[in-house]
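Heads up: the structure comes next, in structure tokens.
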There are 2 protein chains.
Amino acid sequence: MPARGQANGNTESVDNYLKAILSLGGPEGRRVISKSLAERLSVAPASVTNMLQKLAAAPSPLVEYERHRGVKLSAAGRRRALEVVRHHRLIETFLYEVLDYPIDEVHEEAERLEHFISERFEERIAAKLGHPKIDPHGHCIPTMEGHMQEHDSIRLADVVDEGTFVIDSVSDRDAGTLRQLEASGITPGARLRVRKHTALDGYSVSIGRSSKAFDLSQETARDIRILPVA
Amino acid sequence: MPARGQANGNTESVDNYLKAILSLGGPEGRRVISKSLAERLSVAPASVTNMLQKLAAAPSPLVEYERHRGVKLSAAGRRRALEVVRHHRLIETFLYEVLDYPIDEVHEEAERLEHFISERFEERIAAKLGHPKIDPHGHCIPTMEGHMQEHDSIRLADVVDEGTFVIDSVSDRDAGTLRQLEASGITPGARLRVRKHTALDGYSVSIGRSSKAFDLSQETARDIRILPVA
DNA sequence: CCTAATAATTAGGTATGCCTAAATTTGCAG
DNA sequence: CTGCAAATTTAGGCATACCTAATTATTAGG
């Protein structure tokens, strides 16, 4: 298939590499090793090497890559990655708010569409939504200029003993988990009271002023990010 | 790139071949010759032969193809083609009605997105729009079951002398033309009074009860379809 | 009915992006 | 400092979908 997208050779595949590097390298833009990329993208390590070489060799490269030493995004690469993340999160918000999608279906649809929408589409849905700052999972939406100020939330899984928190965000990694969390009222903005189960390796939590308690596995607790109560 | 889409090997490219065959073969499903397809798709004739052979050789083929004798859609191919057309026209309507796109920009965006939206997306925008029967250009939207009842409109270019008509639809072939027609009030549903310019090889038209007259080239008149006044 | 023009097909190539298997390189433990 | 294991890279392939050039079919004119 001939290359798609703008002047550059930006394809769906390239977008996904950039997103993965951004996500794995964190906001500070740490070096990312090929193995992590291969895992994240469900692709053979050799394919990663291949792609990184091509990306790095391009006229205005999207990544900085040194043999055997991992990759990081160039300024241009970071810009493109943030644009794709912006698309993704705006689309999710749009599907949820305007098209009444169930929360656990927005991710998959956005994952496909994010690569193909135009600047106009981006601008129009942003306007329609009142230029939202966070998506339905609580993740912040990068600005048009490519700025993203992360919240300094922590993972519930990293809480030592107990306390009361505000839910910052919920991972969209697994649709099933997401559906369950939503059903239990564990959504961004909710107040969460937490107590650690030392025996069961998990947590007992309740929402708001409710006395109903839920058990969460350590696994699930990694998908929830929390903030101290304001 | 690995195949995208459902069980079958439906790619963007295949979709476009099917749409072109549907469009060139008309509602009756006439045989289409490779040359026309090549022109329509801006592709070399050899590429068409190649693709048709693959499509026809598939386990449940989307086309019926005989060497040197053209192609037509199989039942499955027609179903898929109509689904893509439905996507296209629903998306156009959605962009126009919900996202306030200018009329001359809806086609290009829909042309890209039509291949990537899910059944759910289709269903949700259809619901949001109240299950519309025609798109903003006046083209009818195939049903979910793959039915499309064409209007028996005629091209303005085929009008012999003069008369009054209702505008059925306007082609989305050229954005510039479309923008001009919109600006002149030549949009689906409008009443059109026509008089032929024998000398200039074109038409003089006016809209509704307005006395302002516009000249239209023969070229442009091919892009306008009309119905007798009800 | 034969030939010339037109259409279609075959043959052989390009680029993308993925794969496996066989080298390498790196880095950590002893 | 050595040597093994993990990570990475190279080499060689596959599928898609496109291309050009050369060949073969079909069809329409004379």
Side-chain angles (χ1 to χ4, degrees), chain A residues 1-21 24-25 30-59 61-72 80 111-112 115-116, chain B residues 1-21 24-25 30-59 61-72 80 111-112 115-116:
Chain A
M1 199 181 295
R4 195 188 346 259
Q6 8 274 70
N8 213 320
N10 285 349
T11 52
E12 200 179 336
S13 198
V14 170
D15 281 352
N16 287 334
Y17 276 88
L18 298 179
K19 272 206 307 179
I21 297 168
L24 294 169
R30 289 182 304 273
R31 240 173 229 305
V32 174
I33 67 174
S34 304
K35 203 199 173 216
S36 325
L37 276 174
E39 271 162 16
R40 175 63 72 100
L41 296 167
S42 303
V43 135
S47 306
V48 173
T49 299
N50 221 271
M51 178 61 96
L52 295 183
Q53 287 174 340
K54 264 185 271 190
L55 288 180
L62 296 167
V63 301
E64 289 165 30
Y65 165 67
E66 286 172 276
R67 283 176 98 235
H68 294 281
R69 329 201 73 259
V71 243
K72 45 192 239 182
R80 174 62 188 162
E111 193 69 16
R112 243 174 313 110
H115 310 289
F116 307 114
Chain B
M1 198 180 296
R4 194 189 346 260
Q6 10 273 69
N8 212 322
N10 285 350
T11 51
E12 200 178 337
S13 198
V14 169
D15 281 352
N16 287 334
Y17 277 87
L18 298 179
K19 272 205 308 178
I21 297 169
L24 293 169
R30 288 183 305 273
R31 241 174 229 304
V32 174
I33 67 174
S34 303
K35 204 199 171 214
S36 324
L37 277 174
E39 272 162 15
R40 174 64 71 98
L41 296 166
S42 304
V43 135
S47 305
V48 173
T49 299
N50 221 271
M51 178 61 97
L52 294 183
Q53 287 174 340
K54 264 185 273 190
L55 288 180
L62 296 167
V63 301
E64 290 165 31
Y65 165 67
E66 285 173 277
R67 279 177 100 237
H68 293 284
R69 332 202 71 259
V71 243
K72 46 191 239 180
R80 176 61 188 163
E111 194 68 17
R112 244 175 311 110
H115 310 289
F116 307 113

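In this text, all values refer to a predicted model and were calculated from it rather than measured experimentally. Lettering follows sequence order; numbering is per chain, from 1.
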Open item on the list: Please determine whether a side-chain nitrogen or oxygen atom of A:Ser47 lies at a distance below 4.0 Å from atom OP1 or OP2 of C:dC19.
Closed with: yes
TODO: Can you spot which of B:Thr11, B:Asn16, B:Val14 makes a side-chain contact (heavy atoms from CB on, under 4.5 Å) with B:His115?
DONE: B:Asn16
- [ ] Check the distance between D:dA11's C1' and A:Asn50's CG and give it to me in whole angstrom.
- [x] 11 Å
TODO: Describe the nucleic acid contact of A:Val48 in one word from base, sugar-phosphate, nothing, applying a heavy-atom distance below 4.0 Å.
DONE: nothing
TODO: Taking only the side-chain nitrogens and oxygens of B:Tyr65, find out if one of them lies under 4.0 Å from OP1 or OP2 of C:dA8.
DONE: no
Open item on the list: Any side-chain N or O of B:Gln53 below 4.0 angstrom from OP1/OP2 of C:dA8?
Closed with: no
TODO: May I have the distance from B:Leu37 (atom CG) to D:dC18 (atom C1'), rounded to whole angstrom?
DONE: 15 Å
Task: B:Arg67 side-chain N/O to C:dT10 phosphate OP1/OP2 under 4.0 Å - done: yes
- [ ] Side chain of B:Ala46 only, please: which of D:dT10, C:dC19, C:dT9 is the nearest?
- [x] C:dT9
TODO: Using a 4.5 Å cut-off on heavy atoms from C-beta on, say whether the side chain of B:Val43 contacts that of B:Tyr17.
DONE: yes
Open item on the list: Within the structure provided, determine whether A:Leu52 and A:Leu37 are in side-chain contact (heavy-atom separation under 4.5 Å).
Closed with: yes
Open item on the list: Below the 4.0 Å mark, does D:dT16 have OP1 or OP2 next to a side-chain nitrogen or oxygen of B:Ser13?
Closed with: no
- [ ] Calculate the interatomic distance between B:Lys54 atom NZ and D:dA15 atom P; express it in whole Å.
- [x] 10 Å
Task: B:Glu12 CD to D:dA17 P, straight-line distance once rounded to whole Å - done: 10 Å
TODO: Find the distance B:Arg31:CZ to C:dA7:P and express it as a whole number of Å.
DONE: 17 Å
Open item on the list: When you measure from the side-chain N and O atoms of B:Thr11 to the phosphate of D:dA17, is any distance below 4.0 Å, counting only OP1 and OP2?
Closed with: yes
Task: Rounded distance (Å) that lies between atom P of C:dT16 and atom OH of A:Tyr17 - done: 14 Å
Task: Nearest-angstrom distance from the residue atom NE2 of A:His68 to P of C:dG27 - done: 10 Å
TODO: Please report, rounded to the nearest Å, how far the C1' atom of D:dA25 is from the CD atom of B:Glu66.
DONE: 14 Å
Open item on the list: Nearest to the side chain of A:Met51, heavy atoms from C-beta on, is which of C:dC18, D:dT8, D:dA11?
Closed with: C:dC18
